[in-house]
Amino acid sequence: MNILVTGGAGFIGSHTLIELYKAGHTAVVVDNLSNSNPESLRRVAEIIGVPEIPFYQVDIRDCEGLEKVFSAHRMDACIHFAGLKAVGESVEKPWEYYENNIGGTLVLVDVMRRHDCKNIIFSSSATVYGDPVEIPITENCPKGQCTNPYGWTKSMLEQVLMDIQKADPEWNVVLLRYFNPVGAHPSGRIGENPNGIPNNLMPYITQVAVGKRKELGVFGNDYPTPDGTGVRDYIHVCDLAAAHVAALQCFSQSPSHSVTQTHIYNVGTGNGYSVLDMVKAFVRVNGVDVPYSIKPRRAGDIATCYCNPAKAKAELGWQAKYGIDEMVRDSWNWQRQNPEGY
Ligand code: NAD
Ligand code: UD1
């Protein structure tokens with residue numbers, strides 16, 4: 001298939017491009033580069049062994065710009081990564097988050113349907129479960145209250161896409177609810193490149209390890225978890241990328257079978273690791289020191305969040321291959337080789 005990859009220059013998008021080409025697909029990337037560097041696409045092309053990945057520096061809110069892309073390329077499906085994702089910033093700038101993430105997706109979907117491309121995979125998040133009522137979380141777990149506008153954009157966009165699919169069953173909608181993506185391509189050529197002070201655990205750990213930050217603050221050690229620190233379902237970004245390729249099969253089933261509903265999948269490993277588990281694994285595998293100290297809890301954090309990934313295995317034949325050792329190894333390999341990012 002030829003796939004439109006919005007946000008393809010970003011962390012998860014760039015890794016997904018590699019998996020798409022490996023599986024014999026081709027891609028066209030649309031990205032406004034608001035949180036990425038085109039160098040990522042150059043390196044992706046190098047890894048895949050193609051001269052270049054077709055790329056348009058276009059904002060998904062720009063209807064005319066998207067029209068041009070769709071006029072130049074026949075698209076079979078879209079994997080929609082483009083969006084703003086900094087939780088704290090979304091609290092400061094809710095309008096900007098709703099306008100970019102929701103406004104942008106509405107424009108994208110409108111242009112897609114005009115070009116008769118009605119297959120979309122959307123990057124959702126475990127954050128839509130709020131404080132989950134069951135652990136491990138299955139897809140049947142009810143959605144919950146998000147603690148920030150970023151999370152609400154994911155929850156609301158799930159609803160928007162489900163409603164569009166219900167009204168026009170020609171649409172095929174796949175919602176992938178990512179747990180905590182970490183790691184990097186094993187080559188160390190592409191990886192996560194956060195602007196400023198990282199919000200997320202793994203890039204913070206790698207920046208401490210490389211000497212850019214003094215120590216990791218561990219946000220709370222009094223949670224009801226085995227060691228008191230927060231437990232999450234970390235997933236290697238290459239596994240997450242492969243889940244998108246597996247999800248494309250939702251678009252090629254016979255119409256009678258595939259088009260009746262929105263497909264929702266948890267994308268995690270099913271294993272919960274604490275903050276200190278991650279730090280210890282990082283130190284053990286990489287032989288580097290990661291000084292840390294215990295800090296107060298971070299507002300909005302929950303104690304435990306990991307999934308039951310059985311549905312994705314049963315229906316898509318997908319399951320995570322990489323474990324915690326590969327996650328911490330590849331995160332460090334990327335950071336060590338690229339201390340300043342791209
Ligand atoms: P990222 O910031 O690295 O990638 C997102 C890309 O979208 C960036 O390249 C950015 O420049 C682009 N973009 C943003 N707004 C745009 C717009 N209006 N028009 C065109 N391009 C635009 O983030 P990521 O970690 O690769 O995340 C990809 C998607 O997955 C996002 O939707 C994110 O919310 C979602 N997600 C990420 C995580 C995570 O922990 N990384 C977890 C759950 C869900
Ligand atoms: C966070 C967001 C979530 C978003 C996800 C991916 C919040 C409340 N949730 O999830 O909406 O989808 O990122 O972008 O922000 N930790 C530390 N020290 C740090 C950083 C993190 O101890 O410097 C701890 C956290 O308390 C948590 C764990 O590490 O227990 C993972 O944190 P993080 O990587 O930010 O992910 P989430 O909070 O799960």
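Whatever order the structure lists ligands and atoms in, that order sets their numbers, starting from 1.
A salt bridge does not link E139 to K311: none of the charged nitrogens lies less than 4.0 Å from a carboxylate oxygen. Salt bridge annotation for K143-E158: present, with a cationic side-chain nitrogen under 4.0 angstrom from a carboxylate oxygen. At a threshold of 4.0 Å, the pair R114-E67 counts as salt-bridged, since one of the basic side-chain nitrogens sits closer than that to a carboxylate oxygen. Comment: R329 does not engage D325 in a salt bridge, judged by the lack of any side-chain N to carboxylate O separation of less than 4.0 angstrom.
Side chain of K295 to backbone of G220: no donor-acceptor contact under 3.5 angstrom is found. Between the side chain of D233 and the backbone N or O of N180 there is no donor-acceptor pair closer than 3.5 Å. With hydrogens and angles ignored, the 3.5 Å screen pairs no side-chain donor or acceptor of S124 with any backbone N or O of L176. Not one N or O on the side chain of N286 forms a donor-acceptor pair closer than 3.5 Å with the backbone of V288. The backbone N or O of A82 lies less than 3.5 Å from a partner atom in the side chain of T6, making a donor-acceptor pair. E64 places no side-chain N or O within donor-acceptor distance of the main-chain N or O of K68, the cut-off being under 3.5 Å. Checking side-chain atoms of D76 against main-chain N and O of N2 turns up a donor-acceptor pair under 3.5 Å.
The atoms of ligand 2 that sit less than 4.0 Å from any heavy atom of D301 are 8 (C), 25 (C), 26 (O), 38 (O). Heavy-atom proximity to S34, at under 4.0 Å, picks out these atoms of ligand 1: 10 (C), 11 (O), 13 (N), 14 (C), 15 (N). Which parts of ligand 1 touch L33 is read off a 4.0 Å heavy-atom cut-off, strictly below it: atoms 11 (O). Interface of S123 with ligand 1, defined as ligand atoms under 4.0 Å from a residue heavy atom, comprises 29 (C), 30 (O), 32 (O), 35 (C). Per-residue contacts place N199 under 4.0 angstrom from the following atoms of ligand 2 (heavy atoms of the residue considered): 20 (C), 35 (O). Residue G230 has at least one heavy-atom neighbour below 4.0 Å for each of these atoms of ligand 2: 30 (O). Those atoms of ligand 1 that come under 4.0 Å of a heavy atom in S36, given as number and element, are 8 (C), 9 (O), 11 (O). Remark: ligand 2 atoms within the under-4.0 Å shell around heavy atoms of T127 are 11 (O). Listed by number with element, the atoms of ligand 2 under 4.0 Å from a non-hydrogen atom of V218 are 22 (O).
Side chains of N338 and R43: a donor on one and an acceptor on the other come within 3.5 Å. A donor-acceptor contact under 3.5 angstrom links the side chains of N119 and N172, judged on distance only.
The backbone of V58, and not its side chain, has at least one atom closer than 4.0 Å to an atom of ligand 1 (non-hydrogen atoms only; backbone = N, CA, C, O). Of all the heavy atoms of N200, none lies under 4.0 Å from any atom of ligand 1, so neither backbone nor side chain is involved. Of the heavy atoms in Y178, none comes closer than 4.0 Å to ligand 2. At a heavy-atom distance under 4.0 Å, atoms from both the backbone and the side chain of N200 approach ligand 2. Counting heavy atoms under 4.0 Å from ligand 2, residue T229 does not touch it at all. Contacts between R298 and ligand 2 below 4.0 angstrom, taking non-hydrogen atoms only, involve the side chain exclusively.
Closest to atom 42 (C) of ligand 1 by heavy atom, among S14, G151, P181, P203, is P181. Counting only non-hydrogen atoms, the option in A299, G217, P198, C305 that gets closest to atom 18 (N) of ligand 2 is G217. The residue among N32, L240, N195 with a heavy atom at the shortest distance from atom 16 (C) of ligand 1 is N32. Distances from atom 3 (O) of ligand 1 to the heavy atoms of F122, Y56, F11 put F11 nearest. Looking at L201, N221, L276, I294, it is L201 that brings a heavy atom closest to atom 34 (O) of ligand 2. Within the set L108, D31, V237, the minimum heavy-atom distance to atom 8 (C) of ligand 1 is found for D31.
For the pair K85 and ligand 1, the shortest N or O to N or O distance falls below 3.5 Å. Ligand 1 has a nitrogen or oxygen under 3.5 angstrom from a nitrogen or oxygen of N100. Between A82 and ligand 1, a contact under 3.5 Å exists for no N or O pair. Residue I60 has at least one N or O atom closer than 3.5 Å to an N or O atom of ligand 1. At a 3.5 angstrom cut-off on N or O pairs, K85 does not count as close to ligand 2. For ligand 1, the polar-atom distance check against F179 finds no nitrogen or oxygen pair separated by under 3.5 Å. Taking any N or O of Y178, backbone or side chain, none lies under 3.5 Å from an N or O belonging to ligand 1. Considering backbone and side-chain atoms alike, G300 places every N or O at 3.5 Å or more from each N or O of ligand 2.
Of the protein's non-hydrogen atoms, the one nearest atom 2 (O) of ligand 1 is N35 ND2, 2.7 Å. Ranking the protein heavy atoms by distance from atom 4 (C) of ligand 2 puts Y150 CE2, 3.9 Å first. Closest to atom 34 (O) of ligand 1, if we only count protein heavy atoms, is Y150 OH, 2.8 Å. In this structure, the protein non-hydrogen atom closest to atom 5 (C) of ligand 1 is G83 O, 3.9 Å. Protein heavy atom nearest atom 4 (O) of ligand 1, with residue, atom name and distance: G10 CA, 3.5 Å. Here the protein heavy atom with the shortest distance to atom 10 (O) of ligand 2 is N180 ND2, 4.2 Å. Closest protein heavy atom to atom 29 (C) of ligand 1: F81 O, 3.2 Å. In this structure, the protein non-hydrogen atom closest to atom 37 (C) of ligand 1 is I12 CD1, 3.8 Å.
Annotation: side chain of Y306 is not in contact with side chain of T269 (no heavy-atom distance under 4.5 Å).
Remark: distances from the non-hydrogen atoms of G104 to ligand 1 are all 4.0 Å or more. The closest approach between any non-hydrogen atom of Y234 and ligand 2 is below 4.0 Å. In this structure, E192 does not count as a contact residue of ligand 1, since none of its heavy atoms falls inside 4.0 Å of the ligand. Taking 4.0 Å as the cut-off, S125 counts as a neighbour of ligand 2 on heavy-atom distance. Contact annotation: S124 has at least one heavy atom less than 4.0 Å from an atom of ligand 1.
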Should Y265 and E315 be marked as a side-chain hydrogen bond (donor to acceptor under 3.5 Å, both in side chains) after you check the CA-CA gap, both sets of side-chain angles, and the distance that decides it?
CA-CA 9 Å; Y265 297 102; E315 295 185 11; 2.8 Å; yes

Is there a salt bridge (Lys or Arg N to Asp or Glu O under 4.0 Å) between D110 and R113 once you walk through the steps?
CA-CA 5 Å; D110 190 30; R113 65 181 177 180; 3.1 Å; yes

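Partners of F179 by ring-ring contact (aromatic ring centres under 6.0 Å, His included), not counting sequence neighbours: none found.
The OG1 atom of T225 sits 9.0 Å away from atom CG of D277, with the distance rounded to the nearest 0.5 Å.
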